[in-house]
Number of protein chains: 2
Amino acid sequence: MTEPAPGPTAGQHDHKACVSNALAMASALCQRRGVRLTPLRQRVLELVWRSHVPVGAYEILDRLRVEDGRSAAPPTVYRALEFLMEQKLIHRIESLNAFVGCIDPSRPHAAQYLICRQCGTVTELDDGAVAAAIQEQARRQGFSIDRQSVEVHGTCGHCADPAGAATNHAETATA
Amino acid sequence: MTEPAPGPTAGQHDHKACVSNALAMASALCQRRGVRLTPLRQRVLELVWRSHVPVGAYEILDRLRVEDGRSAAPPTVYRALEFLMEQKLIHRIESLNAFVGCIDPSRPHAAQYLICRQCGTVTELDDGAVAAAIQEQARRQGFSIDRQSVEVHGTCGHCADPAGAATNHAETATA
DNA sequence: TGCCAAAGGAAATAGTATAACACTGCCGCC
DNA sequence: GGCGGCAGTGTTATACTATTTCCTTTGGCA
Ligand SMILES: [Zn+2]
Ligand SMILES: [Zn+2]
Ligand SMILES: [Zn+2]
Ligand SMILES: [Zn+2]
């Protein structure tokens, strides 16, 4: 119930690489942009990246208190999350009230999210066709887009086909 | 956003027709489906249809208490909303934690929502191209879709261009 | 008539998010 | 060096959203 870096796709990929890559990318981006990736912000980012399952603000809060022994209250977490979202280092999954690390923060994108009901894993896509179809519809309505959010709930390949994959995928990560 | 007759699209269309049509449709659908559109559920549906601006559960709750003098608590409202969602008579806008009437409950659809930041109006679309593009992407990932939610935030035609009004607010478009 | 299941009333609680104010350290400036 | 401003964080309180639990009422039906 507190395994460090489970990741629903555990065994499928080197998640430590995901994390260190994300942190390095974040550091570089912030430096380039002239914004401060403080220790707190970096730690929150790391906690969001704990797995590919979106994490709630209060779960982050708990970890800051329990694991880090840090004094923290909701605003502590929400401010860090706000910063990370402004910098596009994380995304908010509206339908879950939770946050997930962005796969490629260096490039602006209108992403789509595939959210598995069973394992909770979110797969971030960046499909031009989807974005274009949405933009075309918006244009017809005379609507100018600020932000589009596409959240698709369903069952991922691993959960649907346990035999084939034989993944240890199993159950949810941050339970 | 709290006046009796919905502000945003007022004057743009005959909203009373929207409401009475929605209520009639709901009544017919429920009868056909053998489910009960009780007075409470009908009233909640009516309150959701008060305008094309999504309405929160607690705003509905307030109106039930103040306008109807009815004894009501959160579960009262949430249960009614749950029923209405099961029957696809309303939709939940995840990014707003609010609910809006469905434009065409008789036909199942994966809808997209254009949400105006200024006036709050939500325009429901049912564009096959968007849904298809999403499905294609999901298929490639071996992901099977239960539900897709597309919420687009931006500025509607009326708010962007108050003078000219070529576009049709609040009405649905399908493709 | 009596039973059952669905619907709704009521109280408490859980979960999510923000407002408001205080404190500190850093930086540029005089 | 002293000073003012500001970003970042700490702290407390509160607002907003949603669910659990238990009980009572209602409506359909054998
Ligand atoms: Zn990973
Ligand atoms: Zn899965
Ligand atoms: Zn209308
Ligand atoms: Zn508008």
Side-chain angles (χ1 to χ4, degrees), chain A residues 26-27 30-31 33-45 47-48 53-66 68-87 89-100 120 151 172 174-175, chain B residues 1-2 26-27 30-31 33-48 53-66 68-87 89-100 120 151:
Chain A
S27 178
C30 287
Q31 196 152 17
R33 293 171 182 167
V35 296
R36 293 170 54 198
L37 186 63
T38 64
L40 173 64
R41 289 165 175 176
Q42 176 161 344
R43 177 65 175 133
V44 170
L45 178 59
L47 288 172
V48 169
V53 177
V55 56
Y58 278 74
E59 186 181 338
I60 292 173
L61 182 57
D62 284 346
R63 293 199 189 284
L64 284 180
R65 295 208 257 226
V66 174
D68 299 18
R70 180 191 272 266
S71 150
T76 305
V77 172
Y78 281 101
R79 283 189 288 229
L81 290 172
E82 184 183 17
F83 169 85
L84 295 171
M85 285 209 289
E86 279 168 358
Q87 300 303 319
L89 297 171
I90 62 174
H91 296 295
R92 177 183 165 82
I93 305 297
E94 302 285 357
S95 54
L96 298 178
N97 293 331
F99 304 83
V100 71
E151 302 182 4
T172 122
T174 43
Chain B
M1 262 185 234
T2 45
S27 177
C30 288
Q31 195 153 17
R33 293 171 183 167
V35 295
R36 294 169 54 199
L37 186 64
T38 64
L40 173 65
R41 290 165 174 176
Q42 175 161 344
R43 177 66 175 134
V44 170
L45 178 59
E46 190 184 352
L47 288 172
V48 169
V53 176
V55 57
Y58 278 74
E59 187 181 336
I60 292 172
L61 181 57
D62 283 347
R63 292 195 191 284
L64 284 180
R65 296 207 257 227
V66 173
D68 299 18
R70 180 191 270 267
S71 150
T76 305
V77 172
Y78 281 101
R79 283 189 289 229
L81 290 172
E82 183 183 16
F83 169 85
L84 295 171
M85 285 207 291
E86 280 167 359
Q87 299 304 319
L89 297 171
I90 62 173
H91 297 295
R92 176 184 167 82
I93 305 298
E94 302 285 357
S95 54
L96 298 178
N97 294 331
F99 305 83
V100 71
E151 301 182 5

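Every chain is numbered from 1, with letters handed out A, B, ... down the list of sequences. The structure displayed is predicted, hence computed values, not measured ones.
Among residues two or more places apart in sequence or in another chain, the side chain to side chain donor-acceptor pair (under 3.5 Å) test is passed with S95(B) by E151(B), H153(B). Partners of A72(A) under the side-chain contact (heavy atoms from CB on, under 4.5 Å) rule, at least two apart in sequence or in another chain, are L61(A), L64(A), R65(A), T76(A). A search for side-chain contact (heavy atoms from CB on, under 4.5 Å) contacts involving R79(B) returns P75(B), not counting sequence neighbours. Residues passing the side-chain contact (heavy atoms from CB on, under 4.5 Å) test with S27(B), sequence neighbours excluded: L37(B). Partners of R33(A) according to the side chain to side chain donor-acceptor pair (under 3.5 Å) rule, which considers only residues two or more places apart in sequence or in another chain, are Q87(A). For D62(A), the side chain to side chain donor-acceptor pair (under 3.5 Å) criterion is met by no residue, not counting sequence neighbours.
When the side-chain nitrogen and oxygen atoms of T76(B) are compared with OP1 and OP2 of dG8(C), none of them lie within a distance under 4.0 Å. Considering only side-chain N and O atoms, R41(A) lies under 4.0 angstrom from the phosphate OP1 or OP2 of dG8(D).
The nearest heavy atom of DNA chain C to A72(B) and to V35(B) marks one nucleotide each, and the one closer to the 5' end goes with V35(B).
For the pair R33(B) CZ and dA6(C) C1', the interatomic distance rounds to 18 Å; values are reported in whole Å. Distance CD (E86(B)) to C1' (dA7(C)): 13 Å, rounded to an integer number of Å. In this structure, L37(A) places its CG atom 15 Å from C1' of dT9(D), rounding to the nearest Å. Here dG8(C) presents its C1' atom at 13 Å from CD of E82(B), a figure rounded to the nearest Å. The interatomic distance linking M85(B) (CE) with dT17(D) (P) rounds to 15 Å, in whole Å. Rounded to whole Å, atom C1' of dA7(D) lies 13 Å from atom CG of L40(A). Atom pair L81(A):CG and dG8(D):P shows a separation of 15 Å (rounding to whole Å applied). Protein atom CG of L64(A) is 17 Å distant from nucleotide atom P of dG8(D), rounded to whole Å.
Summarising the geometry, atom CD belonging to Q42(B) is positioned 13.0 Å from atom CZ belonging to R36(B); distances are rounded to the nearest 0.5 Å. The distance from the OG1 atom of T38(B) to the CZ atom of F83(B) is 7.0 Å, given to the nearest 0.5 Å.
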Check the interface with nucleotides 22-28 of chain C: list each N/O to N/O pair with the protein under 3.5 Å, or write none.
none

Shorter than 3.5 Å, N or O on both sides, protein versus nucleotides 13-18 of chain C: list them out with atom names.
| residue | atom | partner | partner atom | Å |
| --- | --- | --- | --- | --- |
| dA17(C) | OP1 | R92(A) | NH1 | 2.8 |
| dA17(C) | OP1 | R92(A) | NH2 | 2.5 |
| dA17(C) | OP2 | Y78(A) | OH | 2.8 |
| dA17(C) | O5' | Y78(A) | OH | 3.3 |
| dA17(C) | N7 | Y58(A) | OH | 2.6 |
| dA17(C) | N6 | Y58(A) | OH | 3.3 |

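Listed by first and then second residue, the salt bridge (charged side-chain N to carboxylate O under 4.0 Å, His left out) pairs involving residues 89-100 of chain B are R92(B)-E94(B), E94(B)-R147(B) (not counting sequence neighbours).
In this structure, of dG10(D), dG8(C), dA6(C), it is dG8(C) that holds the atom nearest to the side chain of R70(B).
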